[in-house]
Number of protein chains: 2
Amino acid sequence: MLFVSKDPVVSRSTLKRLPLYLHLLEALLAQGVECVSSTQLAREFNFNPTQVRKDLEVTGEVGKARVGFRVAGLVVRIRDFLGWNSTHDAVLVGVGNMGKALLGYKDFEKYGLNIVAAFDKDVRKVGATTFDREVLPLAQLPKFIKRTKVHIGILTVPAREAQPVVDLMLAAGIKAIWNFAPAPLRIPAGVILENARLTQSLAVLTSHLTHQN
Amino acid sequence: MLFVSKDPVVSRSTLKRLPLYLHLLEALLAQGVECVSSTQLAREFNFNPTQVRKDLEVTGEVGKARVGFRVAGLVVRIRDFLGWNSTHDAVLVGVGNMGKALLGYKDFEKYGLNIVAAFDKDVRKVGATTFDREVLPLAQLPKFIKRTKVHIGILTVPAREAQPVVDLMLAAGIKAIWNFAPAPLRIPAGVILENARLTQSLAVLTSHLTHQN
DNA sequence: CTTTTATCGAGAAGATTATATCGATACTTT
DNA sequence: AAAGTATCGATATAATCTTCTCGATAAAAG
């Protein structure tokens, strides 16, 4: 259950289900529930119990026959596995609506994400503070990344500006990019790209609506 | 290439790639490019050409050997397939940071999404206008949905309020839910649920960062 | 006009992901 | 204490998704 260099043995599908389990498990923990079985978890999400066990296996937590898994143990293990027990600093570029929404999202600290600075190329936005963070001019981005050794870049700029900003980030040493811009990005192997593009999500919705008459 | 009742023969993966192709194709169209091959498209995204052809097949557009696909044809067909050439009205509940960001997202009209009203349970938010839309009290949601026959509900409320709001929406006849709340939702079969939960996306990012030492 | 080449679509093969089966185990019930 | 049962982990099977192969075809080159 390890990542072997560039080849993650844990599938993206599993990775996306882990936070779902975690949220539920934290609620159970708060209620004082001590153990939970894969059967119960599966029922909550309409998953298959075997799938749940396979997913949880990656965390290293082992269950007991006829009893299930320790809720507290799972919570810690999942959070550890996802890296949510340590802090990940990030810079955000593009203080538009989406950028502001992310800057204002308090819960990120629960997931170890710490947006340390925001940048914008629009001089009118620079200088103002948005949710306790000063907005810096884009020109200062490379220096800032190098100085603070921040690893994550959050991209909330319009489509046409996405690639140039990414290139700045990459040159300065960013290791992972969380992309909210509706643009395909070119990034070298080794850098992690996670797209959170609304249009992809929307496509699933509208196409289903369209085709069910 | 049809949806047969509850069983979509087009995979979610394909559905999520179609908007990527579309964005690029629209750029090509603007540049006056007439034809494009699966090979070229594949190179742009680091996909496999066969996969691109399989994806495009669902739209009904057929290519020509040695030539490729008509860009203009693909653009129309993909947009048709995704339902982005018609208008889908939606209501949004939860005028927090994320809700405001979505209300302010101008590009939705390009995708046929039209947020007709916003609701919030916080009386202090009610009455104000956010991006040209008045914020209405949550109590009016059911009546509004029934009267306007809106099909899509966008959920941008805190986790604990998610399920109750969903229940209101379902009772009033909502057919599809776009969920941004970090909560697992219980919805009956037949209703479309698309999760756009930030934490799932974040999990992929932070876990990769964590496990690559 | 013939050969070469790039690309298509269809179908086969391969890889990945999800589900089913089953012996072992730990708790409950009788 | 023995029998019954729910659940585990391991392994096998099934389903899905991706990639490869190949004959057909349309344009370009010779």
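Chain identifiers are assigned alphabetically (A, B, ...) following the order of the sequence lines, protein sequences preceding nucleic acid strands; residue numbering begins at 1 within each chain. Heavy-atom basis, side chains included; hydrogens, waters and symmetry copies ignored.
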### Message
Any base atoms under 4.0 Å from A:Arg17, or only sugar-phosphate, or nothing? Heavy atoms, all strands.
### Response
sugar-phosphate
### Task
Mind calculating the distance between CZ (A:Arg53) and C1' (D:dT7) to the nearest angstrom?
7 Å
### Task
State which of D:dT11, C:dT17, D:dG9 makes the closest approach to the side chain of A:Ser13.
C:dT17
Using a cut-off of under 3.5 Å, enumerate the N/O to N/O pairs linking the protein to nucleotides 24-26 of chain C.
residue : atom : partner : partner atom : Å
C:dA26  : O4'  : A:Ala65 : O            : 3.4

#### Entry: Expected output: side-chain A:His88 to main-chain A:Gly83 donor-acceptor under 3.5 Å
yes
### Side-chain donor/acceptor of A:Ser37 to backbone N/O of A:Val67, under 3.5 Å
no
### Donor-acceptor pair, side chain of A:Arg79 and main chain of A:Asn85, under 3.5 angstrom
no
### Query
Do any of residues 25-38 of chain B sit with a heavy atom less than 4.0 Å from DNA chain C, and if so which?
B:Ser37, B:Ser38
#### Entry: Pairs where residues 143-167 of chain A contributes a residue and the test ring pair (Phe, Tyr, Trp, His ring centres under 6.0 Å) is met, not counting sequence neighbours
A:Phe119-A:Phe144
#### Entry: d(CG, A:Leu56; P, D:dC8) in whole Å
9 Å
### Task
Return the residues of residues 41-51 of chain B meeting this criterion: a heavy atom under 4.0 Å from some atom of DNA chain D. Order them by number, or give none.
B:Asn48, B:Thr50, B:Gln51
#### Entry: the helix from C:dC1-D:dG30 to C:dT30-D:dA1: angle between end helix axes, five pairs per end, rounded to 10 degrees
10°
### Query
Counting only distance, no hydrogens or angles, is the base of C:dT17 paired donor-acceptor with the side chain of A:Lys16 under 3.5 Å?
no
### Qualifying salt bridge (Lys or Arg N to Asp or Glu O under 4.0 Å) pairs, either residue in residues 155-183 of chain A, two or more places apart
A:Lys121-A:Glu161
### Query
Could you state the interatomic distance from CD1 (B:Ile174) to CG (B:Leu168), rounded to the nearest 0.5 Å?
11.0 Å
### Query
If you check every side-chain atom of A:Phe69, which of D:dG9, D:dA10, C:dA12 has the closest atom?
D:dG9
### Query
For the side chain of B:Thr87 and the backbone of B:Gly112, is there at least one donor-acceptor N/O pair under 3.5 Å apart?
no
### Query
Just by modelled atom types, is the A:Asp122 backbone N or O under 3.5 Å from a matching donor or acceptor in the A:Asp120 side chain?
yes
### For atom CG of A:Leu15 and atom P of C:dT17, their distance in whole Å
11 Å
### Query
For the atom pair CZ (A:Phe180) and CG (A:Leu198), what is the distance rounded to the nearest 0.5 Å?
8.0 Å
### Query
Do side-chain atoms of A:Arg197 reach the backbone of A:Ala183 as a donor and acceptor pair under 3.5 angstrom?
yes
### Query
Rounded to the Å, how far apart are B:Lys54 NZ and D:dT16 P?
15 Å
### Message
Donor-acceptor pair, distance only, cut-off 3.5 Å: does the side chain of B:Asn179 make one with the backbone of B:Ala181?
### Response
yes
### Query
Backbone N or O of B:Glu44 within a donor-acceptor pair of the A:Arg186 side chain at under 3.5 Å?
yes
### Query
Taking B:Arg17 for the side chain and B:Asp55 for the main chain, is one N or O donor matched with an acceptor at less than 3.5 Å?
no
### Task
Could you tell me the separation between the CD atom of A:Glu61 and the P atom of D:dC8, rounded to a whole number of Å?
12 Å
### Task
Could you check how far CD of A:Glu57 sits from C1' of D:dA10, rounded to whole Å?
9 Å
### Task
Output yes when B:Lys64 and B:Glu34 qualify as a salt bridge under the 4.0 Å nitrogen-oxygen rule, no when they do not.
no
